[in-house]
Each structure stands twice: as C-alpha cells, then as structure tokens.
2 protein chains.
Amino acid sequence: MVFGEKLKSVRKARGWSQEELAEKLFVSRQSVSKWENGQNYPSIEVIIKLSDLFEVTIDELLRTDEELKEKVIKDSKQLAHPKLKFLFDVVFLLGVSLLIIKLGFLGLNKFTNVDSSLPGGKFLWNFGPLLFMVGGGIGSGIVKERYKVE
Amino acid sequence: MVFGEKLKSVRKARGWSQEELAEKLFVSRQSVSKWENGQNYPSIEVIIKLSDLFEVTIDELLRTDEELKEKVIKDSKQLAHPKLKFLFDVVFLLGVSLLIIKLGFLGLNKFTNVDSSLPGGKFLWNFGPLLFMVGGGIGSGIVKERYKVE
DNA sequence: ATAGATGCGCAACTCCTAGTTGCATAGTGA
DNA sequence: TCACTATGCAACTAGGAGTTGCGCATCTAT
C-alpha cells in the first residue's frame, strides 16, 4: 500500500470527507484528492500534521507495507526479549526456592537428629534445584545475548 | 533541533562530506547544502532514502526534539513496566519461599514432637512471608494496571 | 421525477520552490 | 604560495504542488 491509499484509509477510518480533512490542513479539497490518487505529494509540514491528526508515525504513512514489515519483525524480536527472559528468570528463581527449602531440611536433620524426609523422590530434591537454576540461568543468558541491541 | 541540523549531525557522524552524500542520493552537492541550512526541504523519496542510509526513523529526521521527547517518554513508561513488575514478582516469590520454609518447620514440629526453632525472631517468620507476598502481589498488580496499554 | 446536497475526480493554469550551474570563501597540507 | 577540499551564496530554471472551475455520480426530500 502506498501513501495515497494509506491516507485514504486512515481518513475513512475517521469518517472524514476529503473536504473536512482539507479544512483541518488549510488546503483545498482537490489537493487532498490528488494526494490520495497519487498525483501529488503533500508538503513536509502537511505530512507532519497528518501524522499528528491520525496518530500514526510518519514512517507508517510514507513507507510501503513491505518496508514496514521488516521493521515490525525487528521490533517484535526486541519485544520478545523481556518476556522470554522473564520466563527463564522465573525458572531460575524456582530453582533457588527449591534449593533453599532443601537446605533448610538438610540443616534441620543435621541439627535435630530427626530424620524427616521431603515429599517426592530423592532425585528430585537433589538435582531439581540445580537443573532449574542452570536451565533458567543459561536460557536467560542466551536470550539476553541473542536479542542484544547492536 | 530542526531537520537541517539533524541531517548535518548524522552526516558528520558518518564522516561524509556533503558531496559524498549528494552522490549517494543522485543530487547536486548544493542541494545538500541547502537542506542543511534550512533553505530547502528534500523530496519525499530523498527523505526516505536518508532514513535508510542513516538508519534513523523518518520521524526522528522530521520531528523536533520536543515532539520526539514526548514519544520517548511514552515509550519508556511502557518499557519500565516489565522491569518493575519483575521486581515485585521476585518479592512475591520470596514470600512464597519463606512461607514454604515456615510451613515445613511447622509440620515438622507437629509430627515429630521436636521443638526446633528457626533463626530470627518469631515475628519475622509469622508475618514476613505474608508481608512479602501481599506487598509483591499488590505492587505487581498496580504496575500491571498502571502501564496497561490503552 | 427533479432539485438540492454531498463527495469525489479531471483538466487547465499559476506560481512557488527544490534543484541546478557558476562563483566565492575558508581552512589545510605540501 | 599553491593546490585541494569542504562549504556557502546568488541567479536561474523547471517541475510539480496547489488552486479554480467544471463535471459526474449517489442520496435524500419534496
């Protein structure tokens, strides 16, 4: 989609006629018509006004959809970063929590000579915390590195 | 800072002369000079090319610093959200961990008739976990609500 | 049916301004 | 001092953005 079509679609989205838009921009109705039909380009000042009026970036107005798509893909990669990293961080913290619990019981058994055991297998409590922490830590690091801002 | 100054600064940042830039854009050297001195505006096509060449958005090129600042503030608010929420979530998880430890001890004392006590005051272990969880939960909720995308 | 209103596109014309050519100036290294 | 580079100023041209005027649909009410 090129500039003219975009302009038309955002104008229609507001339910404005070409004339209404023309008045807001202090130009003739026919100028708007020409912009939309690709016969003319508006001046820089008008383009900025359009961007403000319709609350879209100037890039969205001027660039083709293909060009924009590239940028969107880039941005979404950046945006994916915090969420994914957060997930890994939670996994890591889960591991820390499990470790604390395990250590608590370990110390308890040692100091009180009472052989109380945790629910779940021995394997889970021996390696679970470690696996969580290592997995979460590595994942978080990879995500952080991968989507680093160049 | 207006368009001309911005153009000049990004050009200088690349270490290009006006002539070098002019060649890349297939215009005369003097055109570049006029753009930078605010005597002219380049055409839309050239503006898009400039945006590509210098890897800045068209908005950054055309809008004043004040206008851009507004947008940056908006964006930074959005970006602050995940970090702050993460902090509150960590506090919440800390509370959960403490609670689990406390419950573990509680059960242990009950079932084994051994009066083992946790290090630290009674108050800490009675209300600490609760406070952490409530504080973290409320904080996380507020942040989530406050920076919700409209 | 018709007259008026609304919304939009085409054609011709005007005029502004972006871009060009040519010249001048300032700084820099040999 | 003499090239050489980088940039600005002045005059001119041309292309295109914007305007006026006209025509053509589509609706709606009388």
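All chains are named by letter (A, B, ...) in the order of the sequence lines, taking the proteins before the strands, and each is independently numbered beginning at 1. Small disclaimer: the values here were computed from a predicted structure and weren't measured.
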Does a nitrogen or oxygen in the side chain of [X] sit under 4.0 Å from OP1 or OP2 of [N]?
X	N	result
W35(A)	dA17(D)	no
R11(B)	dA6(D)	no
K12(A)	dC8(C)	yes
S33(B)	dG8(D)	yes
Q18(A)	dT6(C)	no

Hey, does [X] reach any base, or is it just sugar-phosphate, or nothing, if we go heavy atoms under 4.0 Å?
X	value
E19(B)	nothing
E36(B)	nothing
S31(A)	base

Geometric cation-pi criterion, K24(B) with W16(B): 6.0 Å, 45°: yes
Interatomic distance where [atom1] belongs to [X] and [atom2] belongs to [N] [whole Å]:
X	N	atom1	atom2	result
L25(B)	dA18(C)	CG	C1'	14 Å
E23(B)	dT20(C)	CD	P	13 Å
L21(A)	dT6(C)	CG	P	18 Å
I44(B)	dA18(C)	CD1	P	11 Å
N40(B)	dG19(C)	CG	P	6 Å
Y41(B)	dG19(C)	OH	P	13 Å
I47(A)	dA17(D)	CD1	P	10 Å
Q39(A)	dG15(D)	CD	P	18 Å

Residue met sooner reading DNA chain C from 5', once Q30(B) and S43(B) are mapped to nucleotides: S43(B)
Mind checking whether [X] and [Y] have side chains closer than 4.5 Å, heavy atoms only?
X	Y	answer
S51(B)	L61(B)	yes
L7(A)	L21(A)	yes
I44(A)	I47(B)	yes

Side chain K34(A) and base dG9(C) donor-acceptor under 3.5 Å: no
Check: R29(B) side chain, dG19(C) base, donor-acceptor under 3.5 Å: no
5' priority, DNA chain D, between V27(A) and V32(B) [closest heavy atom]: V32(B)
Any residue meeting side chain to side chain contact (heavy atoms under 4.5 Å, CB included) with Q30(A), in chain and number order, not counting sequence neighbours: S28(A)
